[in-house]
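Position 1 is the first residue of the sequence, and the numbers go up from there. For the numbers below, each heavy atom of this structure counts, side chains included, while hydrogens, waters and symmetry mates do not.
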Amino acid sequence: MLNILIKAGCYIAIILLGIVLRRVGFFKESDFTVLSKIVIRITLPAALIVNAAGRQISPRMLGLSLLGFGGGVVYMVLGWLLGRRAGRQQQAFNILNLPGYNIGTFAIPFTQSFLGTVGVTTASIFDVGNAFISLGGAYGVASAVKDGSSFDVKRVLKALVMSVPFLVHIGTLAMNLLHIPFPESVVELSGIIASANAFLSMLMIGAGFKLTLERSKLGRIVQILAVRYGIAALLAALYWFCLPLDRTVRLALMILAFSPVASAVPGFTQELGSDVGLSCSVTSVSILVSIIATVTLLVCMQ
């Protein structure tokens, strides 16, 4: 238990470091974009390659990707229902900001530190399904709801094709299933780069932390997060008690269920023309809630 608390404390300390560095002017608002690009396009893909190299994925584990996709669909439906009386604008916001798990910069660093390669492999496969939602799917549905138009498949596919982590997920998964060996030089280089992923991920979260607590918006923040984490608790219980999987895999799935809102959501919210400040608040608060929930979960399950 002490080991878990120490590691979690280190993560929180790095996040706090990012917050402090931004407050004192070391980081500018534009620096968050730079850190995000480094993590999403460089260190995270490297970490995925390292953890995929030399591992054989059982075809039956591919079903885990359906859990990531199915959870996103459930949240989108709930988002649509919550905003049904408030109009298309709020429905679209809810559909975009309720679903999507922050796997790359939150769950993978945690599973990597506490559950090892089995946890990272579980998170990576889960994220394949999640990526369809958080990296384009939810935005496509939200756009259609807001405009009152039909679902734009091309817009979703374009977002997915432009996502480096998504392409790495698909590529490494295909190589594993086809038993294609990873080049040793690529794995070695990726290992050096991947060692920075956890630190940069937490630093990025701290540097981008933003909280808007206007009274008019506080109720919506509470509503969205209450629904999200209520469903997360239900899904975590189902994963633990109902799935005939290894204990480590089930524990990893529980951590994934409590992951915060995907970090890409505020960007998609801006493109949607919706309330970016509210989206950033939801995302930031969800990070704090997820840290508390994940640490509590790990301590209780030891």
Side-chain angles (χ1 to χ4, degrees), residues 44-45 47-77 98-138 156 160 163-180 182 194 197 201 228-229 231-264 290 293-294 297-298 301:
L44 174 58
L48 295 175
I49 291 173
V50 170
N51 285 284
R55 292 189 57 82
Q56 292 301 319
I57 298 177
S58 171
R60 76 188 187 109
M61 287 192 70
L62 293 178
L64 298 178
S65 63
L66 297 178
L67 298 178
F69 181 81
V73 171
V74 169
Y75 283 123
M76 284 196 294
V77 172
L98 253 178
Y101 298 100
N102 187 340
I103 305 300
T105 59
F106 185 90
I108 284 183
F110 266 96
T111 55
Q112 184 179 28
S113 295
F114 296 118
L115 302 178
T117 55
V118 174
V120 175
T121 299
T122 301
S124 297
I125 298 175
F126 183 94
D127 198 26
V128 172
N130 170 63
F132 280 99
I133 301 296
S134 62
L135 297 177
V156 175
L160 294 175
S163 171
V164 176
F166 179 78
L167 295 178
V168 171
H169 277 318
I170 299 300
T172 55
L173 181 62
M175 291 179 71
N176 269 299
L177 293 175
L178 296 173
H179 304 289
I180 299 174
F182 289 77
N197 184 58
S201 296
R228 181 176 174 90
Y229 287 99
I231 296 300
L234 177 61
L235 291 175
L238 290 174
Y239 294 157
W240 182 256
F241 293 108
C242 299
L243 295 181
L245 299 172
D246 179 78
R247 183 182 187 278
T248 304
V249 174
R250 287 182 287 132
L251 183 53
L253 288 173
M254 294 176 75
I255 292 174
L256 294 168
F258 283 106
S259 296
V261 177
S263 57
S290 291
T294 301
L297 180 64
L298 287 169
M301 298 304 293

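- Between R228 and F258 there is no side-chain heavy-atom pair separated by less than 4.5 Å.
- Closest approach of G68 and Y101 over heavy atoms only: O-CE1, 4.2 Å.
- Under the 30°/60° scheme for interplanar angles, the aromatic rings of F69 and F132 are found to stand perpendicular.
- Looking at every heavy atom in both residues, L298 comes nearest to F114 through CD1-CD1, 3.4 Å.
- Within the 4.5 Å cutoff, side-chain heavy atoms of L177 are placed close to those of L62.
- Between L243 and L253, some side-chain heavy-atom pair lies under the 4.5 Å cut-off.
- Within the 4.5 Å cutoff, the side chain of I255 has no heavy atoms near those of the Y239 side chain.
- Considering only heavy atoms from C-beta on, I133 stays 4.5 Å or farther from Y75 through its side chain.
- Between L245 atom CG and T122 atom OG1 the span is 8.5 Å, to the nearest 0.5 Å.
- Remark: T121 OG1 to L115 CG distance equals 11.0 Å, nearest 0.5 Å.
- Taking 4.5 Å as the limit, every side-chain heavy atom of V74 sits out of range of all side-chain heavy atoms of L235.
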Give the C-alpha distance, both sets of side-chain angles, the deciding distance and a yes or no for side chain to side chain contact (heavy atoms under 4.5 Å, CB included) between F126 and V249. CA-CA 11 Å; F126 183 94; V249 174; over 6 Å; no
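- For the atom pair D127 CG and L44 CG, the distance stands at 8.0 Å (nearest 0.5 Å).
- S124 and L48 get closest at one heavy-atom pair: OG-CD2, 3.3 Å.
- Pairing each heavy atom of I103 with each of S259, the nearest pair is CD1-OG, 4.1 Å.
- Here the straight-line distance linking atom OG1 of T172 with atom CD1 of I180 works out to 11.5 Å at 0.5 Å rounding.
- Heavy atoms only, all atoms of each residue included: V128 and I170 are closest at CG1-CD1, 4.0 Å.
- Here the CZ-OG1 distance, from F106 to T111, works out to 10.5 Å after rounding to the nearest 0.5 Å.
- When all heavy atoms of P260 and S290 are compared, the closest pair comes out as N-OG, 3.0 Å.
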